S.K.: 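Let me begin by handing over the structure; questions about it come next.
Because the structure is predicted, anything quoted here is derived from the model rather than measured. A, B, ... follow the sequence lines: proteins, then strands. Residue 1 opens every chain.
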Amino acid sequence: MSDPARFIDIQKVTKRFGSVTAVDAVDLQIARGEFFSLLGASGCGKTTLLRMLAGFESPTEGEILIDGQPMAAVAAHRRPTNMVFQSYAIFPHLNVGQNIAYGLRKERLPKLELKKRVDEALEMIKLSGYASRRADQLSGGQRQRVALARALIRRPKVLLLDEPLGALDKKLREEMQLELRQLQESLGITFVFVTHDQEEALTMSDRIAVMSAGNVLQVDDPHSLYERPSCAQVAAFIGSMNFLKGKVRGRENGHAVVEAEGLGTIRAEAVAGEFGEGAPILLAIRPEKLAITDSAERAPLDNYVGAIEGKIAAASYLGDRSHYYVTLPGVQRPLAVAAQNVDRETEGWLQSGAPVWLSWQPKGPILLPAE
Amino acid sequence: MSEGALARPGTAPAAAGDDLLTRWRRRYLRSEGIRGWCLSAPALFVVIAALAVPIGLLVLFSFWTQDYVHIDTSLTLHNYQLIARRTVYLEVFLRSVAISGLVTLMTVTLAYPLAYYVAFDVTRKKMVWLILITLPFWTSYLLRVFAWKIILGYGGVVNSGLQWLGLIEEPLSFLLYNPFAVILTLAHAWAAFAILPIYVSLEKIDRSLLEAATDLGDGPIERFWRVTFPLSMPGVIAAAIVIFIPTVGDYVTPALVGGPSGLMIANLIQTQFSKANDWPLGAALSIASMVTVTLIACLFVWFSKKATARIA
Amino acid sequence: MSTIARQGRGFRAGYAFLYLAFLYIPVLFLPLFSFNSGIYVAFPIQGWTLKWYGTLLVNDRLHEALGNSLEVAVAAALISTTLAIFAAKAFTRYRYRGQRLSLGVVMLPMVMPDIIVGVSLLILLNQVGIGLGLHSVIIGHTMICLPFAVAVLMSRMEGFDRNLEEASLDLGEGPVATFFRVTLPLILPGVVASLLLTFTISFDEFIIAFFLSATDTTLPVFIWSQLRFPQRLPTVLALGACILVFSACLVVFSEWFRRRGQVSAGPGVWS
Ligand SMILES: Nc1ncnc2c1ncn2[C@@H]1O[C@H](COP(=O)(O)OP(=O)(O)OP(=O)(O)O)[C@@H](O)[C@H]1O
Ligand SMILES: [Mg+2]
């Protein structure tokens, strides 16, 4: 019995295609029964890593273990994994039932038993009665479900999903996100889910690995990833973030005192590592942790600190909230501020060029290493 | 989650030690090269054993000499000197290249409008047209060539038909047994090989490119020369190569409709391997013609690529 | 549509029909004169007869040549298509050093004049001491058919998502089962097309067989030997007409098969 926290153990795995390094010395441990996401921009090596788990590519260096077994000498068709392909790869010469039953041949089930299993699978994906439909008569969402059922009917230890919702429209995608998560929870199978959609990763995953250019930048649960990013790249990739250059000036009951451009000397939390005095850092603060008012008397708002005067550079109205870009004296890039439109009379409230005052939540600003 | 529901029957991999078998399996799985070479090896073997080796041998043979039945295996340039000295050979070489060149030009030019018609004008019955075009080419090549002999012959279809209609008194004797009969016959026999590649390259052209050209102010004729034609060039080049190379080496057509003035290289080569029984000379003729054809084909491809680049 | 465009279209349509006439009329003289009771292929037609078709039935040398040709063509088609399936898989599914070179080598026979293939094989077989006969024709034909088979199958293999094969491996089928359950059914129309094409190429090939068949004549070599005798011409014409009809049926069949392959409904799961 292997260590359940290291159910999938990716050890220093590198994959090179000629001179391109698609995956660069990645170390990852995925626990049994976890919903684990690989998140990253296009071309960062997510698919390549997934294909190495499935056995379609073999690592140039490093080792992959699943359930304690080294996988290097195990061919794709003998691995305890199954995959839902991005293109779904539904066999066009077989109908839905034959597609779902495809992987059961080796089990040599009696016909009735086979039919029962396939019917169960069809019921699970809410496509009962579709067994004799042709593959090309299915909609995108239905194809996706068939691909899922076809993989799950084999009861794999690990299900690999390569952007399975990428081809679906927004509404269907949100429905499927919920269904997939429920399915994973009821089956308890380990899911490794590839996506480049950060919202999707945040809503579905137990843990997320953020990748960039073949490297894993950070592995954490959604909340920590958002609130305690380990570096500016992760902070910028997940949600949006304002960065201000600064220097550490000292410490004060557990917090760092920082001198940041535009904001002056303020207190901030160091979430990633320790910084010595005088170290150059980036002060990061999320738009929704800033508050904006149009009068100096009202700043700061209750529970907020600071009152920095700036000017609106641009404003966009999004219905439930508005986004403002505020220029501060001495800061090159305007700061993004998100404000909930609680008041129905907000229209025309803050125009471009209007003077405003910014304040922030005391726990809002965090310190990140300078690049 | 219980262990039982997750376990897959019968697929647990054997514990992998680092023994020889494992290492070998690992290498096979890792290397696309090994799999690729293994799969293509039989085909490569056939082509190497039945083409590359024989041609190597042909080259060797061309440096030998034959005296009736005895073959002298000392290496000499004798055969090549003979080919260079005798003007007959040079003449036949030139004629073969000229005939094939004309055939290529003619088939490609004649085929282009048809390919264009099927690719752009025919909308629904494309497949019918393609079948109609290819159908005659599924019949015997020999018979297609022979058909022209009975058409053009002294007592053949054209002459007897014209006489029967009272249009001529005496049969026309200039129809058969000359280079023009060869050109006409070859142009007919190889038509599909020009139409299909050109059709494919025209069909592949993205229609929005043509709309873009019109949108940018090109009339139909300008648009053809500036967009359609350059984009169909790969098909034209392929068609030319596919016709030129085999027709230079064609034996049947000159033998049936060429007469003495329409003889080509293949007839010369064949003579050396039968009546004249001088295999080394035949080998030298083969090598010489192969080299000539290859050079011309390469030059042609190079030039037409340059020309296309110039237009585009 | 502008008038110029419409006129151009009209011209091209007219031209296309003229071109078809040019393609068909010479070939159609063969069946026409095969029904002529006179020996000479000339107008006017002397009278209508089927007797030349009768002579086809009793010509032993013709039957022998036909048998030889069928044997050679079936063998060459099967061998070259089988080899090409593997080669096409290697050329389309993997990336490795030497791949382009290998592809070039396999495609080489396509740009080699057949007469050179014929004489070089003749010399090789002579030197090695393997006698001539149908086996040597099969070797030559397999080789010249190979590039056509590879081209047909490669385009078919490139036409489907390689994820499908990976999906099969992923679902626990080994490489062999994957080949039979996924690859083969999907390339089947290509396999049939390749078999038909290579069969026809071999069945029709003259010059290589002329050099290599020795006394086991194939059908084209037999026809060639008959062309010199005017009195045997009508029989050859009747034979030509038969080949024409047979080929037409073959093409129509292959087209029908291709169409069927595109809309394969397939039987129900449980049948
Ligand atoms: N078979 C291959 N040969 C050469 N390079 C490859 C191959 N497969 C992937 N790459 C390269 O490896 C890098 C990572 O590719 P990969 O497909 O893993 O990215 P990805 O993160 O899945 O991107 P996307 O979100 O676009 O799917 C890319 O630069 C890609 O060009
Ligand atoms: Mg990908």
S.K.: Measure C/Phe211 against the heavy atoms of chain B and call it side chain, backbone, both or neither at under 4.5 Å.
M.R.: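 Looking at C/Phe211, just its side chain touches chain B.
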S.K.: Roughly how far, to the nearest 0.5 Å, is CZ of C/Phe206 from CG of B/Asp250?
M.R.: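 B/Asp250 atom CG to C/Phe206 atom CZ measures 10.0 Å (nearest 0.5 Å).
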S.K.: With a 4.5 angstrom heavy-atom cut-off, could you sort out which part of C/Arg95 is near chain B: side chain, backbone, both or neither?
M.R.: both
S.K.: Using a cut-off of under 4.5 Å on heavy-atom pairs, state which of C/Ile79, C/Ile207, C/Ile243, C/Leu250 scores highest against chain B.
M.R.: C/Ile207
S.K.: Output the option from C/Glu205, C/Gln99, C/Met112, C/Met110 having the highest count of non-hydrogen pairs under 4.5 Å with chain B.
M.R.: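 The answer is C/Met112.
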S.K.: In terms of relative ring orientation, are B/Trp129 and C/Phe17 parallel, tilted or perpendicular, with 30° and 60° separating the classes?
M.R.: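 Plane angle over 60°, so perpendicular.
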S.K.: Carefully, step by step, assess B/Phe146 and C/Trp224 under the rule ring-ring contact (aromatic ring centres under 6.0 Å, His included).
M.R.: CA-CA 10 Å; B/Phe146 180 68; C/Trp224 180 257; 9.5 Å; no
S.K.: B/Ala147, B/Gly36, B/Gly249: which one forms the most heavy-atom pairs within less than 4.5 Å of chain C?
M.R.: B/Gly36
S.K.: Taking side chain as everything from C-beta outward and backbone as N, CA, C, O, which of these in C/Phe210 sits under 4.5 Å from a heavy atom of chain B? Side chain, backbone, both or neither.
M.R.: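 Interface part for C/Phe210: side chain.
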S.K.: Can you say whether C/Ala88 sits under 4.5 Å from chain B via the side chain, the backbone, both, or neither, judging by heavy atoms?
M.R.: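 Neither part.
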S.K.: Which atoms of C/Thr200 are under 4.5 Å from chain B, going by heavy atoms: the side chain, the backbone, both sets, or neither?
M.R.: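 Contact with chain B is through the side chain of C/Thr200 alone.
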S.K.: What is the minimum heavy-atom distance between C/Tyr24 and B/Leu132, and which atoms define it?
M.R.: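 Taking every non-hydrogen atom into account, OH-O, 2.5 Å.
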S.K.: Does any non-hydrogen side-chain atom of C/Ile123 lie less than 4.5 Å from one of B/Phe273?
M.R.: yes
S.K.: Given a strict heavy-atom distance threshold of 4.5 Å, which part of C/Leu103 is in contact with chain B: side chain, backbone, both, or neither?
M.R.: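 No part of it gets close to chain B.
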S.K.: When heavy-atom pairs shorter than 4.5 Å are enumerated against chain B, which of C/Phe246, C/Phe91, C/Tyr15, C/Phe29 gives the highest number?
M.R.: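 Top option by heavy-atom pairs under 4.5 Å: C/Tyr15.
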S.K.: For C/Leu23, is it the side chain, the backbone, both or neither that has a heavy atom under 4.5 Å from a heavy atom of chain B?
M.R.: both
S.K.: Examine whether an atom of C/Leu146 lies under 4.5 Å from a heavy atom of chain B, and if so say whether it belongs to the side chain, the backbone or both; otherwise answer neither.
M.R.: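 Contact with chain B is through the side chain of C/Leu146 alone.
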S.K.: Give, as side chain, backbone, both or neither, the part of C/Phe33 having an atom under 4.5 angstrom from any heavy atom of chain B.
M.R.: side chain
S.K.: Can the ring centroids of B/Trp37 and C/Phe86 be said to lie less than 6.0 angstrom from one another?
M.R.: no
S.K.: Less than 4.5 Å to any heavy atom of chain B: does that hold for the side chain of C/Leu121, its backbone, both, or neither?
M.R.: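 Both parts, heavy atoms under 4.5 Å.
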